[in-house]
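The structure appears right after this line, and notes come after that.
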Number of protein chains: 2
Amino acid sequence: MTIEKVFGEVLKKKRIESELSQEGLAYISDLDRSFISMLERGKRKPTITTIFRLSSCLNIKPSELIKEVEAKVDSYK
Amino acid sequence: MTIEKVFGEVLKKKRIESELSQEGLAYISDLDRSFISMLERGKRKPTITTIFRLSSCLNIKPSELIKEVEAKVDSYK
DNA sequence: CTGTAGACTTCCGTCGACC
DNA sequence: TGGTCGACGGAAGTCTACA
């Protein structure tokens with residue numbers, strides 16, 4: 001498992017929990033919808049600023065988002 | 001304060017605490033020394049994979065690194 | 001040991017369109 | 001609503017070299 005794939009899974013989960021569509025998240029985060037789609041599918045790797053932006057839109061701390069990613073990455077080892 | 005500037009400050013602090021030179025960190029993380037230099041000065045924004053790579057070299061969890069960044073960012077608000 | 005410059009390759013992130 | 005395609009500008013990250 002790659003970090004970007006796990007990040008995509010976590011992002012999708014958090015987005016669903018916030019009851020947002022990709023389009024809705026794209027709108028409030030001011031990121032492109034196709035980019036959100038690629039992030040969720042692990043086709044793109046976000047920069048630190050993108051991580052912070054998405055986190056605030058999902059009402060979660062960046063460190064908590066990363067923590068979930070790191071826990072999931074560790075579980076694959 | 002921008003996120004990348006704060007990240008650079010935290011990165012430098014952690015590197016010094018690990019008693020590593022930029023060159024040493026570049027070597028073990030397999031990143032370019034000039035890139036490490038620019039990261040520390042906030043001239044570049046790391047992607048999530050770079051954050052994970054640097055964290056493991058600094059013996060810290062990615063989420064803890066981000067946590068310090070987010071705390072410092074918040075302190076400027 | 002660190003900063004920076006330039007030239008380079010790869011990829012982030014945008015945009016419009018279609019399924 | 002989400003996946004994907006192609007084109008694009010700009011930025012991530014490498015490498016050499018010099019102060």
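Sequence lines set the chain letters: A, B, ... in the order given, protein chains first and strands last, and positions in each chain run from 1.
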On a heavy-atom basis, which atom in Ser37(A) and which in Gln22(A) lie closest, and how many Å separate them? CB-OE1, 3.6 Å

Test applied, salt bridge (charged side-chain N to carboxylate O under 4.0 Å, His left out); reference residue, Glu68(A); option that passes from Lys13(A), Lys61(A), Lys12(A): Lys13(A)

Residues in contact with DNA chain D, drawn from residues 13-22 of chain A - heavy-atom cutoff 4.0 Å: Arg15(A), Ser21(A), Gln22(A)

Remember a base hit wins even if backbone is also touched, and classify Arg41(A) as base, sugar-phosphate or nothing at under 4.0 Å, heavy atoms. sugar-phosphate

Indicate whether OP1 or OP2 belonging to dT4(D) is found under 4.0 Å from a side-chain N or O atom of Ser34(A). no

Taking every heavy atom of Ile28(B) against every heavy atom of Cys57(B), the minimum-distance pair comes out as O-SG, 3.6 Å

Looking at Arg33(A) and dG13(C), is any side-chain donor or acceptor paired with a base atom of the opposite kind under 3.5 Å? no

Integer-rounded Å distance: dA11(D) C1' and Glu4(B) CD: 12 Å

Check Ser34(B) against Asp32(B) and note the closest heavy-atom contact, atom names and distance. OG-OD2, 2.6 Å

How many whole angstroms separate atom CZ of Phe35(B) from atom C1' of dT2(C)? 16 Å

Rounded to whole angstrom units, what separation is found between the OH atom of Tyr27(B) and the C1' atom of dT14(D)? 17 Å

Exactly one of Leu54(A), Ile48(A), Thr49(A), Thr50(A) clears side-chain contact (heavy atoms from CB on, under 4.5 Å) with Phe52(A), and that residue is Ile48(A)

Just how far, in rounded Å, is C1' of dG3(D) from CE of Met38(A)? 9 Å

If you look at every heavy atom in Lys14(A) and Leu65(A), which pair is closest and at what distance? CG-CD1, 4.1 Å

Taking only the side-chain heavy atoms of Glu23(B) (C-beta and beyond), determine which of dG3(D), dT1(D), dC1(C) contains the nearest atom. dC1(C)

Which pair of non-hydrogen atoms, one from Pro62(A) and one from Glu70(B), has the smallest distance, and what is that distance? CD-OE1, 3.2 Å

Arg15(A) (side chain) donor-acceptor with Leu20(A) (main chain) under 3.5 angstrom: yes

Compare every heavy atom of Val6(B) with every heavy atom of Met1(B), then report the nearest pair and how far apart it is. CE-CG2, 4.1 Å

Leu11(A) atom CG is separated from dC12(C) atom P, nearest whole Å, by 15 Å

Between residues 43-61 of chain B and DNA chain D, which residues have a heavy-atom gap below 4.0 Å? Arg44(B), Lys45(B), Pro46(B), Thr47(B), Thr50(B)

Within this structure, what is the CD-to-C1' distance between Glu40(B) and dT2(C), rounded to whole angstrom? 9 Å

Atom CD1 of Ile36(A) and atom C1' of dT4(D) are separated, to the nearest Å, by 16 Å

Measure CG/Asp32(B) against C1'/dC8(C) and give the value in whole Å, please. 12 Å

